[in-house]
Amino acid sequence: MAKVVALLAVLAFALKGFEGVHGGIQPGTCRLVCDPFQSQSGTHDLGANGLVIPLASSGGGPPGPAGPPGKAGPPGPRGPQGESSISRGGVAFYATLKEDFGKDEVLKFTNVITNLGGRYDSSTGTFTCRAAGVYHFSYHIVKTGVSLRADLVLNDRVVAGAVAVDALHTDTASNSAVLQLRAGDRVFVRLNKSDRTLKDTQNLFSTFSGYLLYEL
């Protein structure tokens, strides 16, 4: 019995030193239990008749390296079918001028040779954009009077101009432009205080054309 009392005294001294350093027993730590009395029922609290001495802190070490990536999962369900692109069918037009125009008139190129996508209207001389994108346009207008100016117009804004000013000979006003269009935009050629254009039903001298470069 004297040995047990001596052991308890040593353990108590060690416990007080540990608490002074570590601030007391931390829950969840590794512990050394000195319990000289064991009840037959085994229902008494652990260390009720002795001491519980923590041996080490339960703080975890640094995280280990990341593991290898897992296997790829199965493919997901197939998505809905997208709308077909207009550019697959093509958007392009080419038309020539047959009648003569003057002053500030919009030129109506009624001899339509190409009209992929059906966006050029020969009755108004206007190309109407259906798909937003980048388009290329060009025009060539032959005059018969003293001078002629022809403008390429986007909606109500002039985006290109051309003049023919050779007073003694037939002359051509021509230009081209690359335009970023939105759906509903209109592009056409309009005279600007000009003399008459050449009336031409056979030679196809005066032309207007455009096509889609790519959609946006």
Side-chain angles (χ1 to χ4, degrees), residues 76 78-216:
R78 185 175 180 180
Q81 183 178 358
E83 297 181 0
S84 61
S85 172
I86 296 177
S87 60
R88 293 178 184 174
V91 178
F93 73 95
Y94 170 64
T96 67
L97 199 64
K98 295 171 62 176
E99 304 299 325
D100 60 330
F101 296 87
K103 296 184 179 180
D104 299 308
E105 292 182 284
V106 174
L107 301 183
K108 299 177 180 63
F109 300 81
T110 55
N111 183 29
V112 179
I113 298 174
T114 301
N115 196 11
L116 297 177
R119 306 313 300 168
Y120 174 72
D121 184 355
S122 61
S123 65
T124 62
T126 301
F127 171 83
T128 303
C129 175
R130 182 171 65 182
V134 178
Y135 292 77
H136 178 270
F137 297 92
S138 63
Y139 62 99
H140 310 272
I141 312 299
V142 177
K143 74 169 183 64
T144 56
V146 175
S147 65
L148 179 143
R149 172 169 176 165
D151 295 329
L152 184 68
V153 181
L154 169 58
N155 298 326
D156 294 321
R157 179 168 61 96
V158 174
V159 293
V163 294
V165 293
D166 188 339
L168 300 179
H169 305 88
T170 300
D171 198 3
T172 302
S174 62
N175 208 338
S176 62
V178 175
L179 303 177
Q180 179 178 335
L181 302 184
R182 298 173 297 181
D185 282 345
R186 300 174 299 108
V187 179
F188 51 91
V189 179
R190 183 176 62 198
L191 296 180
N192 187 342
K193 299 179 177 61
S194 296
D195 291 332
R196 307 299 295 183
T197 62
L198 176 66
K199 185 173 183 177
D200 180 13
T201 59
Q202 296 180 343
N203 296 310
L204 313 181
F205 287 149
S206 299
T207 65
F208 180 34
S209 62
Y211 55 89
L212 172 65
L213 293 174
Y214 57 89
E215 292 184 19
L216 296 177

Can you check whether [X] reaches [Y] side chain to side chain, under 4.5 Å on heavy atoms?
{"X": "Thr114", "Y": "Val112", "answer": "no"}
{"X": "Thr170", "Y": "Val142", "answer": "yes"}
{"X": "Leu148", "Y": "Thr197", "answer": "yes"}
{"X": "Leu213", "Y": "Val134", "answer": "yes"}

Determine which pairs satisfy ring-ring contact (aromatic ring centres under 6.0 Å, His included) with at least one residue from residues 183-202, sequence neighbours left out, and list them in order.
none
Restricting to pairs with a member in residues 199-213, which pass side-chain hydrogen bond (donor to acceptor under 3.5 Å, both in side chains), not counting sequence neighbours?
Ser138-Ser209
Only pairs under 3.5 Å count here: list side-chain donor-acceptor contacts from residues 91-104, not counting sequence neighbours, and write none if there are none.
residue, atom, partner, partner atom, Å
Thr96, OG1, Asn111, ND2, 2.8
Asp100, OD2, Arg196, NH2, 3.4
Asp104, OD1, Lys193, N, 2.7

Residue pair [X] / [Y]: nearest heavy atoms and the distance that separates them:
{"X": "His169", "Y": "Lys143", "answer": "O-NZ, 3.1 Å"}
{"X": "Tyr120", "Y": "Lys108", "answer": "OH-C, 4.2 Å"}
{"X": "Leu107", "Y": "Ile141", "answer": "CD1-CD1, 3.5 Å"}
{"X": "Thr172", "Y": "Ala164", "answer": "C-CB, 3.8 Å"}
{"X": "Leu212", "Y": "Gly133", "answer": "CD1-CA, 4.3 Å"}

Please list every donor-acceptor pair under 3.5 Å in which a side-chain atom of residues 173-187 meets a protein atom from a residue at least two apart or in another chain.
residue, atom, partner, partner atom, Å
Asn175, ND2, Gly161, O, 2.7
Asp185, OD1, Asn155, ND2, 3.1
Asp185, OD2, Arg182, N, 2.8

Donor-acceptor check, side chain of Arg119 to backbone of Cys129, threshold 3.5 angstrom: yes or no?
no
Asp151 side chain to Val153 backbone, donor-acceptor under 3.5 Å
no
Under the rule for side-chain hydrogen bond (donor to acceptor under 3.5 Å, both in side chains), what residues qualify as partners of Asn115, not counting sequence neighbours?
none
Going by side-chain hydrogen bond (donor to acceptor under 3.5 Å, both in side chains), name the residues that satisfy it together with Arg190, two or more places apart in sequence or in a different chain.
none
Going from OG1 on Thr126 to CG on Asp121, what distance comes out if it is rounded to the nearest 0.5 angstrom?
7.0 Å
Could you check, using the six-membered ring where one of them is a Trp, whether Phe208 and Phe109 have ring centers closer than 6.0 angstrom?
yes
